Peer 1: 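A single structure is presented below for examination.
Computed from a prediction, not measured in an experiment: that's the story for all the values here.
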Amino acid sequence: MKKIINNRKFLLISLFVCFSLFLCTFIFKESDYFWHIKAGEYMTNKGILTKDIFSYSAFGKYWMSHEWLFEVIIYNLKRLFGNYNMIIYILISIGIIYYYLYKYNKDKMYKNLLFTLIWIILSSIFIFYIQCRPHFCSYIMLSISMYLIYSLIKDEKSNKIYFMPILTILWSNLHGGSSNLGYLLCFFVLVVGLFNFKYNKIEAKRLSIIQIKKLLLVGIISIFCTSINPHGFKMTIYPYTNMLDNTMISSISEWAPTNINKITHTIFYIRNNYIIYINIL
């Protein structure tokens, strides 16, 4: 039995590694990448950017460098590895994401290797979004946040949830535009956990008082932690104020809704429908 599990473990890890390498062959460069590199160079040498210093029309105006830590890291990776910095960044990012997916779901993956293989193949939709940009930082933070929260749901004595404020501080400096997701997840799970219901295979179990208190405490502390960055409280409200910027909403690809009429989005619907179908059976 142990040999069978080891073989499955080797197969799963091999699938994740091969798929990560496959994704790296589709890395896209956008003008956004070159901004991050130049901003990272400036901040490495002269300090945090708080004003626009590159453009003509907006020169000297306030600039919310909500990704400053990512930009410093990616610039220094370029100093070390040249243009391979993109591959290094993508491999590390995907590796961390898959680690937490595997850590929490490995027993289920062992039982259904075929489903896992199909899920990996259908996840190739990510090739259209593989870019050396900070949104991967948010994917990592989101994966870790869900792991911390589910650890508490699984065991009310778990104290892993107390790492959420630290994670939030890191998040607000790596990709501040999404740093509200950590505490929002805490509050969302808390609200859902107030109810106890079951409909078909949809089931919600009421959380214990201890779990509710921990989620509430960590959520509130995490709100304040979003202001621990060079821009202070402005970063706390930034995820909400930037959603009012119509230019960003219309031009940033990962903000655009999926469209079944586009062939590049079709695989997204196929994957989701397949997962829903398997869970209903």
Side-chain angles (χ1 to χ4, degrees), residues 5 9 12 16 66 69 93-112 115-116 119 135-229 232-240 243 272 275-276 278-280:
I5 293 176
K9 181 178 181 179
L12 277 174
F16 288 146
H66 68 106
L69 184 55
S93 300
I94 295 177
I96 295 174
I97 293 170
Y98 281 157
Y99 169 77
Y100 280 98
L101 285 172
Y102 172 78
K103 183 178 179 66
Y104 194 78
N105 298 290
K106 59 184 178 181
D107 292 336
K108 296 176 182 178
M109 290 177 173
Y110 289 156
K111 294 178 181 178
N112 201 335
F115 174 81
T116 303
W119 172 77
H135 63 291
F136 263 111
C137 294
S138 281
Y139 293 156
I140 294 172
M141 301 294 110
L142 184 61
S143 298
I144 298 175
S145 296
M146 295 186 71
Y147 169 70
L148 298 177
I149 290 174
Y150 274 102
S151 295
L152 178 62
I153 293 175
K154 189 175 181 179
D155 179 12
E156 68 174 17
K157 295 181 181 180
S158 174
N159 291 321
K160 295 177 182 178
I161 192 68
Y162 292 124
F163 285 101
M164 185 71 79
I166 299 174
L167 189 70
T168 301
I169 296 172
L170 186 61
W171 202 337
S172 67
N173 289 277
L174 282 168
H175 195 199
S178 302
S179 58
N180 60 335
L181 293 179
Y183 65 78
L184 287 179
L185 274 175
C186 289
F187 294 141
F188 175 77
V189 172
L190 187 155
V191 172
V192 174
L194 296 176
F195 304 96
N196 189 24
F197 67 89
K198 182 176 181 180
Y199 177 75
N200 201 353
K201 288 193 174 183
I202 301 175
E203 183 177 357
K205 294 183 179 179
R206 185 180 291 111
L207 297 176
S208 67
I209 298 298
I210 294 176
Q211 290 169 318
I212 291 174
K213 287 182 177 179
K214 285 184 177 181
L215 285 170
L216 181 61
L217 176 63
V218 168
I220 293 173
I221 293 175
S222 295
I223 292 176
F224 291 99
C225 285
T226 58
S227 64
I228 303 177
N229 59 79
F233 183 71
K234 290 181 179 179
M235 190 69 75
T236 303
I237 61 174
Y238 179 73
Y240 304 101
M243 294 304 292
N272 283 8
I275 292 174
I276 292 172
I278 290 295
N279 283 289
I280 291 177

Peer 1: With heavy-atom distances below 4.5 Å as the criterion, would you say the side chains of Asn229 and Leu69 are in contact?
Peer 2: no
Peer 1: Quickly, which of Val218, Leu148, Ile144 forms a side-chain contact (heavy atoms from CB on, under 4.5 Å) with Phe163? Name it, please.
Peer 2: Leu148
Peer 1: Under a 4.5 Å cut-off applied to non-hydrogen side-chain atoms, are Ser145 and Leu167 in contact?
Peer 2: yes
Peer 1: So Phe136 and Ile94, do their side chains get closer than 4.5 Å, heavy atoms only?
Peer 2: yes
Peer 1: Determine, step by step, whether Ile140 and Leu174 satisfy the side chain to side chain contact (heavy atoms under 4.5 Å, CB included) criterion, reporting the C-alpha distance in whole Å, the side-chain angles of both residues, the deciding distance to 0.1 Å, and the verdict.
Peer 2: CA-CA 11 Å; Ile140 294 172; Leu174 282 168; over 6 Å; no
Peer 1: Is the closest side-chain heavy-atom distance between Ile149 and Phe188 below 4.5 Å?
Peer 2: no
Peer 1: Any idea which heavy atoms bring Ser208 and Glu156 closest together, and the distance?
Peer 2: OG-OE1, 2.6 Å
Peer 1: Using a 3.5 Å distance criterion without hydrogens, assess whether the side chain of Asn173 forms a donor-acceptor pair with backbone atoms of Ile169.
Peer 2: yes
Peer 1: Are the side chains of Leu216 and Leu190 in touch, meaning some heavy atoms are under 4.5 Å apart?
Peer 2: yes
Peer 1: Any side-chain heavy atom of Gln211 within less than 4.5 Å of one from Leu152?
Peer 2: yes
Peer 1: Give me the atom names and distance for the closest heavy-atom approach of Ser222 to Met164.
Peer 2: OG-CG, 3.6 Å
Peer 1: So, the side chain of Lys214 versus the backbone of Ser158: is there a donor-acceptor pair under 3.5 Å, distance only?
Peer 2: yes
Peer 1: With Trp171, which of Cys137, Cys225, Ser138 fulfils side-chain contact (heavy atoms from CB on, under 4.5 Å)?
Peer 2: Ser138
Peer 1: Walk me through it: do Ser172 and Thr226 pass the test side-chain hydrogen bond (donor to acceptor under 3.5 Å, both in side chains)?
Peer 2: CA-CA 5 Å; Ser172 67; Thr226 58; over 6 Å; no
Peer 1: Roughly how far, to the nearest 0.5 Å, is OG of Ser179 from CD1 of Ile228?
Peer 2: 11.5 Å
Peer 1: Return the CZ to OH distance between Phe233 and Tyr238, rounded to the nearest 0.5 Å.
Peer 2: 15.5 Å
Peer 1: Of all heavy-atom pairs between Gly219 and Tyr183, which one has the smallest distance, and what is that distance?
Peer 2: O-CB, 3.5 Å
Peer 1: Taking CD1 in Ile209 as the centre, count heavy atoms belonging to other residues, nucleotides or ligands within less than 6.0 Å. Is the count above 12?
Peer 2: no
Peer 1: Tell me if the CZ atom of Phe187 is crowded by more than 12 foreign heavy atoms within 6.0 Å.
Peer 2: yes
Peer 1: Can you tell me how far apart CD1 (Ile153) and CE (Met146) are? Round to the nearest 0.5 Å.
Peer 2: 9.0 Å
